[in-house]
Amino acid sequence: MPWSVINILRKNPDLMRWNMLRRFKDPRIVDEFVRADREWRRIQRELNELRHKHNLISSEIPRLPQDLRSKRIKEARELLGIIKEHERRLKEVGKYRDRLLSAMPSILHKEVPVGPNELFNRVVRVWGRARVQRRHLRLFLSETLAKGFRMDYEIIDYEVMGHADVLEKVLKLGNTLKAGKVSGSRFYYLLDDIVWLDFALLMYAVDYLTRKRFRLVLPPYMLKGKYMAAVEELEAFKDALYKIEDEDLYLIATAEHPLAAFRADEVIPEEELPLLYVGISPCFRKEAGAASRDIKGIFRVHQFHKVEQFAFTLPEQSWEIFNQLIKNAEELYRGLGVPYRVVNIASGELNLRAAMKYDLEAWYPAQGRFRELVSCSNVLDWQAYRLNIKYLRRKGMVRDYIHMLNSTAIASTRTITALLENFQKPDGAIEIPKILRKYLELFKEAPKDYILPKSS
RNA sequence: GCCGGGGUACCCGAGCGGUCUAAGGGGCCGGCCUGGAGAGCCGGUGCCCCGAUAAGGGGCGCGCGGGUUCGAAUCCCGCCCCCGGCGCCA
């Protein structure tokens with residue numbers, strides 16, 4: 001079976017047109033594709049017929065007596081000219097067809113809220129007790145109660161400092177100025193206790209997921225262009241990815257990239273599915289589209305560490321695994337005690353790959369906002385088609401594209417910013433979540449209960 | 001990075017310009033046989049196009065991409081990867 005999206009485009013283009021409209025994308029690309037695909041198949045058919053003729057003549061030649069050969073060779077040579085021309089056109093039309101095809105999105109899940117922007121995101125659930133500054137109370141309620149969820153909160157009467165100021169001015173354990181000088185904006189030096197905290201968070205996530213039978217993977221941090229193009233959307237290349245100069249290599253923006261490519265060109269027997277992986281890697285992002293947003297601190301940076309969940313599943317399993325991945329992420333933040341809500345991302349905000357995406361957003365007491373810590377997506381067979389990954393159903397020897405899913409477990413710097421605001425004491429000290437204790441106790445110099453303000 | 005050897009289908013493995021329609025073996029799927037299984041026998045086992053999601057037909061596929069030729073797994077060029085040696089390096 002071809003890719004499910006090709007099937008739909010050929011047999012039920014109206015479904016894809018409707019899907020485009022729901023995603024606030026131009027549906028005319030569907031008609032454009034249908035036309036190109038028809039043309040491509042017509043040329044393909046003619047080419048096959050010509051090649052068939054040519055094959056017949058070629059195979060006849062060695063059995064012919066010398067004197068008759070030159071006539072047939074001449075015929076074959078003439079046919080070759082026509083074949084070359086058809087091949088050229090097939091390639092040309094095929095390229096156009098493929099370009100249109102690669103811009104086709106996954107079919108949205110029926111529960112995705114339809115809307116052009118994040119205002120249409122739907123809250124799925126809330127957890128924890130948020131610390132809300134009095135001046136943020138209305139904002140907080142509009143983001144919870146007004147969206148149908150009663151989230152526990154307490155009013156606090158002292159000023160909570162923003163994560164960037166706590167890090168650099170109170171704890172004095174981060175230096176983005178110096179990093180800016182030597183590397184540019186959105187880079188950072190982290191020091192001492194914050195580095196231990198970074199390690200501990202990663203260990204915590206890896207420990208939790210490997211206990212759940214996810215296989216631990218340390219993947220390559222660079223991928224060839226061909227594989228990047230298979231796992232990521234085109235726009236991501238210019239907006240998000242760093243490229244190695246003079247080489248066909250891209251720095252990964254998440255472990256999802258190499259994890260997806262891990263099983264490229266394989267046929268995986270159904271009894272091995274689902275395959276669950278937990279990858280740990282640095283992530284490199286240009287953040288070219290972000291302009292001057294979140295320019296302070298380590299919230300949005302060019303480089304950070306992340307533990308990532310990744311799954312290959314049978315098509316009928318993928319939604320069950322989707323729920324499992326987001327639940328795992330939630331467990332991790334419940335363990336830390338970070339209050340959050342889970343939101344179902346609106347259709348207009350979704351990338352092409354995802355059929356549905358849930359974000360986990362933590363409450364930030366200083367900013368008075370919920371902010372994304374985790375993103376969990378089911379991309380169905382979108383990546384599998386490009387990476388050529390299939391499952392094999394023994395019964396009937398059926399091969400078809402596998403489903404692939406990804407979800408953050410913990411992104412270190414982002415999570416640290418959430419801890420800096422949520423566990424900040426009036427004096428600026430940061431209380432370390434109890435659950436991280438065992439990952440800090442391994443190290444004599446690591447902090448155990450609090451990270452304290454530096455006086456000097 | 002340099003020199004040498006290599007990459008054939010799910011696995012092993014032959015072929016090194018024209019009956020290659022890629023031999024042969026193993027695995028897997030289906031059928032026959034059986035009370036059931038095994039053994040045995042027969043067929044199938046990648047991608048694309050036509051066709052009705054059929055029967056059937058055709059094209060492509062020997063690491064990837066080009067080229068030479070009427071004809072390429074086989075000859076030539078570029079790239080990727082693996083093995084051995086040298087260099088460099090944590």
Side-chain angles (χ1 to χ4, degrees), chain A residues 1-13 15 33-98 100-102 218-230 244 246-250 258 261-273 275 282 312 315 381 384-402:
Chain A
M1 285 286 275
W3 184 28
S4 62
V5 166
I6 297 176
N7 268 341
I8 287 161
L9 286 164
R10 284 182 181 166
K11 287 170 190 154
N12 190 3
L15 174 57
F33 174 82
V34 169
R35 200 176 318 129
D37 185 51
R38 260 195 214 120
E39 173 72 357
W40 178 77
R41 284 189 285 171
R42 186 184 64 77
I43 299 167
Q44 171 101 301
R45 195 182 61 239
E46 287 173 13
L47 178 60
N48 281 349
E49 285 161 7
L50 289 165
R51 277 178 175 159
H52 181 53
K53 261 201 232 168
H54 181 262
N55 285 346
L56 289 178
I57 296 172
S58 271
S59 61
E60 203 183 294
I61 286 169
R63 279 175 282 138
L64 248 38
Q66 278 306 328
D67 52 324
L68 293 176
R69 282 195 184 188
S70 57
K71 183 169 169 283
R72 300 301 269 169
I73 288 176
K74 193 165 160 253
E75 270 181 55
R77 206 178 275 147
E78 277 163 11
L79 256 180
L80 268 182
I82 307 172
I83 287 172
K84 280 264 151 62
E85 175 57 19
H86 271 73
E87 281 173 344
R88 197 189 58 74
R89 293 217 25 230
L90 185 73
K91 206 168 170 180
E92 190 182 298
V93 175
K95 235 170 138 180
Y96 180 57
R97 186 195 94 115
D98 289 346
L100 292 170
L101 190 58
S102 68
L218 194 127
Y221 301 161
M222 300 178 205
L223 283 182
K224 295 178 188 174
K226 178 185 165 186
Y227 292 97
M228 266 305 181
I244 303 296
D246 298 327
E247 290 192 61
D248 178 34
L249 278 177
Y250 293 83
F262 186 34
R263 309 303 297 264
D265 297 309
E266 287 192 46
V267 178
I268 301 169
E270 62 177 331
E271 60 270 20
E272 291 179 25
L273 299 171
L275 285 169
F312 298 88
D381 58 357
Y385 166 67
R386 289 142 204 262
L387 291 163
N388 189 29
I389 308 178
K390 299 185 169 183
Y391 63 87
L392 174 69
R393 225 183 273 284
R394 296 277 175 206
K395 188 149 177 69
M397 294 294 274
V398 174
R399 281 157 206 269
D400 212 341
Y401 292 107
I402 214 163

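Every chain is numbered from 1, with letters handed out A, B, ... down the list of sequences. Owing to the predicted nature of the structure, the values given are computational and were not obtained by experimental measurement.
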* Euclidean distance, atom CZ of residue A:Arg399 to atom P of B:A9 [Å, nearest integer] -> 13 Å
* For side chain to side chain contact (heavy atoms under 4.5 Å, CB included), just list the numbers for A:Tyr385 and A:Val5, CA-CA rounded to whole Å, side-chain angles, deciding distance to a tenth of an Å, and then say yes or no. => CA-CA 9 Å; A:Tyr385 166 67; A:Val5 166; over 6 Å; no
* Sequence-distant partners of A:Arg41, salt bridge (Lys or Arg N to Asp or Glu O under 4.0 Å), two or more places apart -> A:Asp37
* Taking atom C1' in both B:A52 and B:C33, compute the distance separating them and give it to the nearest angstrom. => 35 Å
* To do: Give, for atom CD1 of A:Ile73 and atom CD1 of A:Ile57, the distance between the pair rounded to the nearest 0.5 Å.
  => 11.0 Å
* To do: To the nearest Å, give me how far apart CD (A:Glu266) and P (B:A9) are.
  => 14 Å
* Asked: Now, which nucleotide makes the Watson-Crick or G-U wobble pair with B:G65, with each of the two distances under 3.5 Å?
  -> B:C77
* Asked: If you measure from the C1' atom in B:U21 to the same atom in B:C62, how many Å do you get, rounded?
  -> 15 Å
* To do: Starting from the C-alpha separation in whole Å, work towards a yes-or-no answer on side chain to side chain contact (heavy atoms under 4.5 Å, CB included) for A:Trp40 and A:Leu90.
  => CA-CA 6 Å; A:Trp40 178 77; A:Leu90 185 73; 3.6 Å; yes
* Asked: What integer distance in Å separates A:Ile83:CD1 from B:C49:P?
  -> 19 Å
* Test salt bridge (Lys or Arg N to Asp or Glu O under 4.0 Å) applied to A:Glu271 - qualifying residues, sequence neighbours left out -> A:Arg394
* To do: Sticking with atom C1', work out how far B:G13 lies from B:C2, rounded to a whole angstrom.
  => 33 Å
* Identify, between A:Lys11 and A:Val267, the residue whose nearest nucleotide on RNA chain B lies closer to the 5' end. => A:Val267
* Quantified in whole Å, what is the P atom distance between nucleotide B:G25 and nucleotide B:C32? -> 24 Å
* Report the residues that fulfil ring pair (Phe, Tyr, Trp, His ring centres under 6.0 Å) with A:Phe262, sequence neighbours left out, ordered by chain and then residue number. => A:Tyr277
* C1' gap between B:U69 and B:C76, integer Å -> 12 Å
* Asked: Can you check the A:Leu392 CG to B:G46 C1' distance for me, whole Å?
  -> 12 Å
* Structure fact -> For residues 50-59 of chain A, the side-chain hydrogen bond (donor to acceptor under 3.5 Å, both in side chains) pairs (sequence neighbours left out) are A:Arg51-A:Glu87
* Interatomic distance at C1', B:G78 relative to B:G24, whole Å -> 35 Å
Name the pairs: protein N/O against N/O of nucleotides 76-81 of chain B, kept only if under 3.5 Å.
unit_1, atom_1, unit_2, atom_2, d
B:C80, O2', A:Lys224, NZ, 3.0

* Determine the interatomic distance between P on B:C11 and the same-named atom on B:C16; round to the nearest Å. => 23 Å
* Taking atom C1' in both B:G71 and B:C60, compute the distance separating them and give it to the nearest angstrom. => 16 Å
* Asked: Are OP1 or OP2 of B:C49 and a side-chain N or O of A:Arg10 less than 4.0 angstrom apart?
  -> yes
* Structure fact -> Any strand, both distances under 3.5 Å, Watson-Crick or G-U wobble: B:C41 pairs with B:G31
* Structure fact -> B/S/- along nucleotides 55-71 of chain B (protein heavy atoms under 4.0 Å) is ---BSS-----S---BS
* To do: List in chain and number order the residues that pass ring pair (Phe, Tyr, Trp, His ring centres under 6.0 Å) with A:Phe33, two or more places apart in sequence or in another chain; answer none if no residue qualifies.
  => none
* **By salt bridge (Lys or Arg N to Asp or Glu O under 4.0 Å) - contacts of A:Glu39 (at least two apart)** => A:Arg42, A:Arg89
* Sugar-phosphate only, base, or nothing, as touched by A:Lys390 at under 4.0 Å among non-hydrogen atoms -> sugar-phosphate
* To do: Please give the nucleotide sitting opposite B:G1 as a Watson-Crick or G-U wobble pair, both distances under 3.5 Å, or none.
  => B:C86
* Asked: Paired with B:G71 by Watson-Crick or G-U wobble geometry, both distances under 3.5 Å: which nucleotide is it?
  -> none
* Structure fact -> A:Arg42 atom CZ is separated from B:C50 atom P, nearest whole Å, by 12 Å
* **A:Gly225 backbone acceptor or donor facing A:Asp248 side chain under 3.5 Å** => yes
* **Which residues share a ring pair (Phe, Tyr, Trp, His ring centres under 6.0 Å) with A:Tyr391, sequence neighbours left out** => none
* Structure fact -> Side-chain contact check for A:Gln44: nearest option of B:C28, B:C48, B:C50 is B:C48
* To the nearest angstrom, how far is A:Glu270 atom CD from B:C29 atom P? -> 10 Å
* Does B:G36 have a Watson-Crick or wobble partner in any strand here, with both distances under 3.5 angstrom, and which is it? -> none
